[in-house]
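Single-structure report; data block below.
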There are 2 protein chains.
Amino acid sequence: MPTPHHGQPRYRVIAEDLRRQIESGAIAPGSLLPAESALTAEFRASRGTIRQAIAVLRDERLVATEHGRGTYANPYRYKDGPADGPDVETTERQVAADPELAALFAVEVGAALIEQQNVTLMNGAVGAVVRIYRLPGAMH
Amino acid sequence: MPTPHHGQPRYRVIAEDLRRQIESGAIAPGSLLPAESALTAEFRASRGTIRQAIAVLRDERLVATEHGRGTYANPYRYKDGPADGPDVETTERQVAADPELAALFAVEVGAALIEQQNVTLMNGAVGAVVRIYRLPGAMH
DNA sequence: AGAAATTTGTCCGTATGTATC
DNA sequence: AGATACATACGGACAAATTTC
């Protein structure tokens with residue numbers, strides 16, 4: 001229960017341990033780490049400390065966490081894709097108004113809106129996505 | 001790692017900074033502030049100091065905190081503006097990537113994206129809504 | 001389709017030790 | 001000595017996303 005704080009903090013020791021397991025393959029790439037609750041038992045640490053340890057690995061991009069799912073080991077390991085495209089790709093479609101858009105346009109949630117989406121590419125990678133919403137029938 | 005404390009206490013400086021972000025709209029009214037853990041990183045302050053800063057804003061009713069959910073900005077503030085608003089209202093905030101945006105940006109669903117929303121007004125009515133998405137950290 | 005269990009996200013309150021004004 | 005702040009750690013509770021039954 002104390003807070004040693006001498007030497008190395010616990011969360012760093014735990015992060016170190018988990019990193020080894022991931023890099024050694026003991027935790028397979030793409031697989032889920034044990035749940036936080038399981039790690040609290042395994043390391044006899046509080047959940048906050050476990051989460052701090054995982055945060056270290058997340059900063060290193062060694063793991064990726066998804067809400068309600070878990071924490072994946074070695075999530076992103078693929079090379080660059082060439083796939084060059086035009087500078088801007090434009091698509092237009094009809095979508096349902098989310099609550100905020102509904103309030104702005106003074107229509108009901110779920111009402112039809114026109115969405116024009118422009119995807120701008122910079123060096124082959126997506127630089128920004130622009131979505132323009134307007135009411136059906138509005139001039140443009 | 002000094003503890004300057006020259007002039008104003010740290011928590012007041014942080015509160016001041018957050019207040020500016022809220023009042024300027026950089027943190028959209030009704031949206032969530034970054035989590036305490038995120039603010040500790042952003043301001044390089046301890047959690048206790050962050051909580052103290054938020055407590056200041058809470059006392060001012062500038063924010064409202066809900067247990068387990070987060071801290072909301074400007075729970076209710078829409079006093080009369082001094083004059084008519086501009087033709088374009090711009091707000092910026094952090095949102096979670098929907099499946100399509102996630103695919104475009106090559107991030108995971110739910111990952112943080114920056115959304116800049118421009119609401120263009122025509123004769124006081126909303127003419128169009130433009131939402132621009134980009135990766136956090138990207139220049140703009 | 002719906003309820004329950006699982007899991008992560010967040011906040012709350014508290015505590016200990018250290019360091020700097 | 002006292003005030004301020006940092007870093008770490010605990011345990012609890014509620015919220016939200018996902019999966020499972």
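Convention: sequence-line order gives letters A, B, ...; per-chain numbering from 1. Predicted model, so just to flag it, every value in this text is computed and none were measured.
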* Is A:I132 isolated, or which residues cluster with it under the ILVMFWY side-chain rule of less than 4.5 Å, directly or via members? ->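 When side chains under 4.5 Å apart are linked, the cluster holding A:I132 also contains A:V130, B:V130, B:I132.
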* Asked: In the hydrophobic clustering (ILVMFWY, side-chain contacts below 4.5 Å, transitive), which residues join B:Y11, or is it alone?
  ->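 Joined to B:Y11, directly or through intermediates: B:V56.
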* **Test salt bridge (charged side-chain N to carboxylate O under 4.0 Å, His left out) applied to B:R93 - qualifying residues, sequence neighbours left out** =>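 B:R93 satisfies salt bridge (charged side-chain N to carboxylate O under 4.0 Å, His left out) with A:E100, B:E115 once adjacent residues are dropped.
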* **All salt bridge (charged side-chain N to carboxylate O under 4.0 Å, His left out) counterparts of A:R19, not counting sequence neighbours** =>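 Only A:E16, A:E60 meet the salt bridge (charged side-chain N to carboxylate O under 4.0 Å, His left out) criterion with A:R19.
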* Test: A:E92 and A:R134 ion pair at under 4.0 Å ->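 A salt bridge is present here (some side-chain N lies under 4.0 Å from a carboxylate O).
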* Distance test, side-chain N/O of B:Y11 to OP1/OP2 of D:dA5, below 4.0 Å ->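 No, because none of the side-chain N or O atoms of B:Y11 sits under 4.0 Å from OP1 or OP2 of D:dA5.
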d([atom1], [X]; [atom2], [N]) in whole Å:
{"X": "B:Y72", "N": "D:dA15", "atom1": "OH", "atom2": "P", "value": "10 Å"}
{"X": "B:R69", "N": "C:dT10", "atom1": "CZ", "atom2": "P", "value": "11 Å"}
{"X": "B:R10", "N": "C:dT20", "atom1": "CZ", "atom2": "P", "value": "16 Å"}
{"X": "A:E36", "N": "C:dT7", "atom1": "CD", "atom2": "P", "value": "10 Å"}
{"X": "A:E66", "N": "D:dT19", "atom1": "CD", "atom2": "C1'", "value": "13 Å"}

* **Contacts of type side-chain contact (heavy atoms from CB on, under 4.5 Å), residue A:A111, not counting sequence neighbours** =>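 Listed in chain order: A:V107.
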* Qualifying residues under side-chain contact (heavy atoms from CB on, under 4.5 Å), relative to B:E42, sequence neighbours excluded ->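 Testing B:E42 for side-chain contact (heavy atoms from CB on, under 4.5 Å), a comparison that skips the adjacent residues, returns B:Q21, B:P34, B:L39.
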I'd like a table of donor-acceptor pairs (distance under 3.5 Å, sequence neighbours excluded) in which one partner is a side-chain atom from residues 26-33 of chain B, with atom names and distances.
{"from": "B:S31", "atom 1": "OG", "to": "B:A28", "atom 2": "N", "distance (Å)": "3.4"}
{"from": "B:S31", "atom 1": "OG", "to": "B:A28", "atom 2": "O", "distance (Å)": "2.5"}

* Asked: Does the C:dC11 base have a donor-acceptor partner in the side chain of B:H67 within less than 3.5 Å?
  ->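 Under the 3.5 Å cut-off, the side chain and the base do form a donor-acceptor pair.
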* Residues within residues 46-59 of chain A bordering DNA chain D, heavy-atom distance below 4.0 Å ->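 The stretch gives A:S46, A:R47, A:T49 as the residues lying under 4.0 Å from the strand, ordered by number.
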* Near DNA chain C, under 4.0 Å by heavy atom, which residues of residues 37-45 of chain B? ->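 Going residue by residue through residues 37-45 of chain B, none turns out to have a heavy atom under 4.0 Å of DNA chain C.
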